[in-house]
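Single-structure report; data block below.
Just so you know, these numbers use all the heavy atoms, side chains as well, and skip hydrogens, waters and symmetry mates.
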Amino acid sequence: MTTRFCPCGLSRAYDQCCGRHHCGAAAAPTAEALMRSRYSAFVEGDGAYLLRTWHPRTRPARLDLDAGMRWTGLEILETTGGSAFHATGTVTFRASFRGGSLHERSRFERVDGAWVYVDGEFLQP
């Protein structure tokens, strides 16, 4: 049996890492864990998870993912706040895709105890 590693970049099996969040078995415990699970959801094409983990006040009515997009890696550059002791946090990251990369500082908040994505600021590469 082959174990598939999680796309988020941690050296764990998908089912034991972000897959647990995607299927609802566990909530992301930190803003960084949510960021990683959201990146993995983009890789997996899991739009329902992305919408579920988006703040209600900024969540779009629908999300159309590009089936041709090929994500190739995630690099976490900086985190502020976002732990079990915080109500807000930011995660600055670079997500690579075939042909380029996305550099963003994402904001997260807790809603009813769960981390959710609020919005992001695109940064220069």
Side-chain angles (χ1 to χ4, degrees):
M1 181 173 135
T2 304
T3 300
R4 181 169 67 108
F5 282 103
C6 192
C8 81
L10 297 178
S11 55
R12 290 190 253 171
Y14 170 74
D15 291 344
Q16 298 303 310
C17 195
C18 294
R20 298 177 319 122
H21 307 309
H22 295 170
C23 74
T30 65
E32 181 181 333
L34 182 64
M35 174 63 240
R36 288 181 179 279
S37 71
R38 286 178 57 83
Y39 170 80
S40 293
F42 275 104
V43 172
E44 298 292 317
D46 189 347
Y49 179 78
L50 292 166
L51 289 171
R52 265 195 330 271
T53 57
W54 212 309
H55 197 293
R57 78 171 180 265
T58 59
R59 178 177 37 225
R62 58 180 256 184
L63 185 63
D64 296 318
L65 298 178
D66 180 353
M69 179 67 96
R70 295 293 172 249
W71 296 97
T72 58
L74 176 66
E75 180 183 5
I76 302 296
L77 303 172
E78 180 182 27
T79 61
T80 59
S83 78
F85 304 105
H86 299 102
T88 63
T90 65
V91 178
T92 304
F93 67 92
R94 182 174 295 110
S96 301
F97 55 89
R98 193 176 300 148
S101 67
L102 168 73
H103 189 191
E104 180 178 311
R105 181 177 302 112
S106 294
R107 291 186 322 124
F108 299 88
E109 291 180 10
R110 283 186 184 268
V111 172
D112 298 328
W115 285 107
V116 292
Y117 169 80
V118 177
D119 58 20
E121 170 190 0
F122 293 115
L123 306 170
Q124 295 300 318

Just wondering, do Y117 and S106 contact through their side chains at under 4.5 Å, heavy atoms?
yes
Thinking salt bridges, do R94 and E78 make one under a 4.0 Å N-O criterion?
no
Which atoms form the tightest heavy-atom contact between H86 and S83, and what is the distance?
ND1-OG, 2.8 Å
Note, H103 side chain near L77 side chain (heavy atom, < 4.5 Å)
yes
Counting only pairs under 3.5 Å, give me each side-chain donor-acceptor contact of residues 49-56, with atom names and distances, residues two or more places apart or in other chains.
| from | atom 1 | to | atom 2 | distance (Å) |
| --- | --- | --- | --- | --- |
| Y49 | OH | S37 | OG | 2.6 |
| R52 | NH2 | H22 | O | 3.0 |
| T53 | OG1 | R38 | NH1 | 2.8 |
| T53 | OG1 | Y49 | O | 2.9 |
| T53 | OG1 | L50 | O | 3.3 |
| W54 | NE1 | T58 | O | 3.4 |
| H55 | ND1 | R57 | N | 3.1 |
| H55 | NE2 | R57 | NH1 | 3.1 |
| H55 | NE2 | E109 | OE1 | 3.4 |

Could you check if a side-chain atom of T90 sits within less than 4.5 angstrom of a side-chain atom of F108, using non-hydrogen atoms only?
no
Count I, L, V, M, F, W, Y as connected when their side-chain heavy atoms are under 4.5 Å apart, and connections chain through other members. Are L63 and M69 then in the same cluster?
yes
Sub-4.5 Å side-chain heavy-atom contact between E104 and F93
yes
For a quick check under 3.5 Å, do T30 and E32 share a side-chain donor-acceptor pair by atom type?
no
Please answer: with hydrophobic residues joined when any side-chain heavy atoms are less than 4.5 Å apart, are I76 and L10 in the same cluster?
no
Mind checking the SG-CZ spacing from C17 to R4? Nearest 0.5 Å is all I need.
11.0 Å
Minimum side-chain heavy-atom gap R12-F5 below 4.5 Å:
no
Ignoring hydrogens and geometry, is there a side-chain-to-backbone donor-acceptor pair from R105 to G120 under 3.5 Å?
no
Are L123 and L102 linked, directly or through intermediate hydrophobic residues, by side-chain heavy-atom contacts shorter than 4.5 Å (ILVMFWY only)?
no
V111-L34 co-clustered via ILVMFWY side chain contacts under 4.5 Å
no
Do Y39 and F97 sit in one hydrophobic cluster, given that two such residues count as connected whenever their side-chain heavy atoms are within less than 4.5 Å of each other, even indirectly?
yes
Matching residue for V43 among C6, C8, P7, C18 - test: side-chain contact (heavy atoms from CB on, under 4.5 Å):
P7
